[in-house]
Amino acid sequence: MTPGCGTSAFQGMQRGGRAAEGRLPRPDGPRPQLFLPRVRALAAVAVFLAWALIFSGNALAARALPPLLLDEPPGKMPGGPAGYTYTLPVSANSPISRFFQLQSEIWARENQTSLNVEFVPGRGGSQALARAQDAPRDGSVIFAVSYPDFFLQDMIKKPYYRPDDIQCVIVYARSPMVLWVRDDGEFPDLHAFLNHVRALPDPYMVSGGGSFTSAHLASLRFDRVSGSRSLYMPQLDEAAGIKAVTGKKTLAWWGHPYPRELAAGLKPLAVSGRERVESLPDVPTFIELGLDFVEETFFGLGVPSGSDPLEAGYIYEQFRYTLATPDFKKQSLEMGFLPFETAPADITPFLDAQRARSESLKRSYDWF
């Protein structure tokens with residue numbers, strides 16, 4: 001069992017003909033603006049009872065928070081916090097910040113609530129997640145989390161946080177990694193890049209967003225698959241990583257498949273997914289180019305452990321409607337983020353697999 005990130009309370013349930021398998025209803029057509037008080041009260045009681053059963057059965061049981069299974073945007077929880085703080089482990093000028101800002105705008109709009117975005121870059125996201133230790137437990141503070149970074153960071157000798165500090169609410173998106181180089185014509189394609197770096201007497205330098213992150217992992221795994229040798233140079237954030245390449249301090253950068261305008265001055269060589277992405281439709285996958293290399297980052301939301309489960313359930317439902325809006329679906333794909341519809345019952349197996357993989361990588365690469 002994954003400490004701090006467990007399972008869902010609702011499995012195999014249905015409501016209104018919609019199987020509880022993680023797929024979100026389309027918010028098409030007219031929707032009631034307010035819940036009936038009785039429906040909202042019954043839903044809150046159901047969530048409370050589910051959590052009581054979970055924690056009475058096993059102290060390390062499921063920490064993934066259950067859905068309210070309602071068919072309208074829940075809005076604010078009666079008696080809950082006046083607004084939310086969304087803590088992001090990135091800087092405001094990083095390309096990925098556009099994705100989180102899009103979330104925040106639609107989230108606040110759909111649920112008629114206030115959402116204060118807080119950018120806390122540094123140490124591969126650890127500085128942001130460390131705030132969970134002292135954050136209020138009333139559901140007012142939400143953290144952006146990513147995997148495998150969440151577990152890789154925990155494995156350093158002096159971690160800034162532990163998985164027990166944060167409860168997983170939802171895992172909702174995935175994004176492959178991309179090898180970016182300067183757009184100056186030196187490397188027309190991946191094969192030219194590999195021919196160059198394999199002939200170097202010393203490891204080439206590559207930048208990425210922090211140590212023990214998806215970018216760091218991509219660098220290590222790519223070396224093994226491709227027969228190249230790199231020296232990974234962690235940066236404060238993505239913007240610094242891009243600048244390191246354009247300033248010729250590093251030869252390449254590991255980032256996500258952002259549209260080219262968000263990585264000005266850089267050229268994508270290949271995508272580490274199993275298929276091409278809409279944001280870079282002309283960029284091949286590593287598999288297409290003959291390298292068996294797949295590496296993806298998964299994105300989710302978390303709250304400080306011990307947070308009010310009712311409020312966390314409202315957060316889950318609020319974010320469901322963010323994901324289901326046509327605006328979010330369209331713009332996420334255009335920014336290189338793919339939907340990842342994890343059913344509530346699948347969250348614990350997913351997180352356990354991520355932790356097991358991180359532990360295996362620790363042994364395989366002798367990281368720590």
Side-chain angles (χ1 to χ4, degrees), residues 95-96 99 146-149 172-200 203-209 213-232 238 241-242 245-246 250-299 329-342 350 353-354 357 360-361 364-365:
I96 199 171
F99 177 60
S146 61
Y147 305 94
D149 309 51
Y172 63 89
R174 61 187 175 91
S175 183
M177 302 301 296
V178 173
L179 183 63
W180 297 80
V181 296
R182 286 187 299 277
D183 191 15
D184 57 7
E186 182 179 3
F187 304 118
D189 53 33
L190 179 65
H191 295 299
F193 177 81
L194 286 176
N195 288 337
H196 174 79
V197 297
R198 285 168 178 164
L200 294 175
Y204 70 94
M205 290 192 291
V206 60
S207 57
T213 59
S214 295
H216 193 173
L217 177 59
S219 175
L220 293 174
R221 292 197 60 232
F222 180 69
D223 282 354
R224 283 196 177 179
V225 171
S226 66
S228 59
R229 295 184 304 154
S230 67
L231 178 61
Y232 182 77
E238 292 180 323
I242 294 173
V245 182
T246 57
T250 64
L251 193 62
W253 171 63
W254 283 104
H256 291 291
Y258 303 118
R260 284 178 170 83
E261 61 268 21
L262 295 185
L266 299 188
K267 173 184 178 178
L269 293 182
V271 178
S272 70
R274 297 188 182 279
E275 65 281 324
R276 297 193 183 195
V277 292
E278 185 174 319
S279 56
L280 298 171
D282 59 331
V283 179
T285 65
F286 286 98
I287 293 177
E288 289 180 71
L289 299 175
L291 292 178
D292 185 15
F293 179 60
V294 175
E295 187 63 49
E296 293 184 312
T297 306
F298 297 86
F299 295 87
K329 290 180 178 180
K330 179 177 182 294
Q331 293 185 55
S332 293
L333 290 173
E334 291 173 351
M335 285 189 283
F337 294 88
L338 312 175
F340 183 72
E341 298 182 353
T342 304
F350 167 82
Q354 288 290 316
R357 181 173 185 247
S360 175
L361 290 167
S364 177
Y365 290 95

D149-T213 side chain donor-acceptor pair, cut-off 3.5 Å: no
Taking the side chain as everything from C-beta on, heavy atoms only, tell me whether [X] gets closer than 4.5 Å to [Y].
{"X": "F99", "Y": "S332", "value": "yes"}
{"X": "F187", "Y": "N195", "value": "no"}
{"X": "F193", "Y": "L251", "value": "yes"}
{"X": "W254", "Y": "L179", "value": "yes"}
{"X": "S214", "Y": "M177", "value": "yes"}
{"X": "S226", "Y": "V197", "value": "no"}
{"X": "L291", "Y": "L194", "value": "yes"}
{"X": "P257", "Y": "R276", "value": "no"}

Would one find more than 12 heavy atoms of other residues, nucleotides or ligands at under 6.0 Å from atom CZ of R274? no
About how many Å separate [atom2] of [Y] and [atom1] of [X], when rounded to the nearest 0.5 Å?
{"X": "S175", "Y": "L338", "atom1": "OG", "atom2": "CG", "result": "6.5 Å"}
{"X": "M335", "Y": "Y258", "atom1": "CE", "atom2": "OH", "result": "10.0 Å"}
{"X": "E261", "Y": "S279", "atom1": "CD", "atom2": "OG", "result": "9.5 Å"}
{"X": "T297", "Y": "Y147", "atom1": "OG1", "atom2": "OH", "result": "12.5 Å"}
{"X": "L262", "Y": "E334", "atom1": "CG", "atom2": "CD", "result": "11.0 Å"}

So S272 and V294, side-chain contact (heavy atoms from CB on, under 4.5 Å) or not? Walk me through it. CA-CA 5 Å; S272 70; V294 175; 5.8 Å; no
Closest contact, heavy atoms only, [X] versus [Y]:
{"X": "F293", "Y": "A218", "value": "CZ-O, 3.6 Å"}
{"X": "I242", "Y": "P95", "value": "CD1-CG, 3.8 Å"}
{"X": "T250", "Y": "S207", "value": "OG1-OG, 3.4 Å"}
{"X": "A264", "Y": "T246", "value": "O-CG2, 4.0 Å"}
{"X": "V206", "Y": "W253", "value": "CG2-N, 4.0 Å"}
{"X": "S230", "Y": "S219", "value": "OG-OG, 3.0 Å"}

Tell me whether R357 is salt-bridged to E295, with the criterion being a basic N under 4.0 Å from an acidic carboxylate O. yes
So, the side chain of [X] versus the backbone of [Y]: is there a donor-acceptor pair under 3.5 Å, distance only?
{"X": "R182", "Y": "V245", "value": "yes"}
{"X": "H256", "Y": "V178", "value": "no"}
{"X": "K267", "Y": "P188", "value": "yes"}

Take the angle between the ring planes of F337 and F299 and call it parallel below 30°, perpendicular above 60°, tilted in between. perpendicular
Identified side chain to side chain contact (heavy atoms under 4.5 Å, CB included) counterpart of R260 within the set D183, V283, L266: V283
As a quick check of understanding, evaluate ring-ring contact (aromatic ring centres under 6.0 Å, His included) for F350 and F340, giving each step before the final call. CA-CA 11 Å; F350 167 82; F340 183 72; 5.4 Å; yes
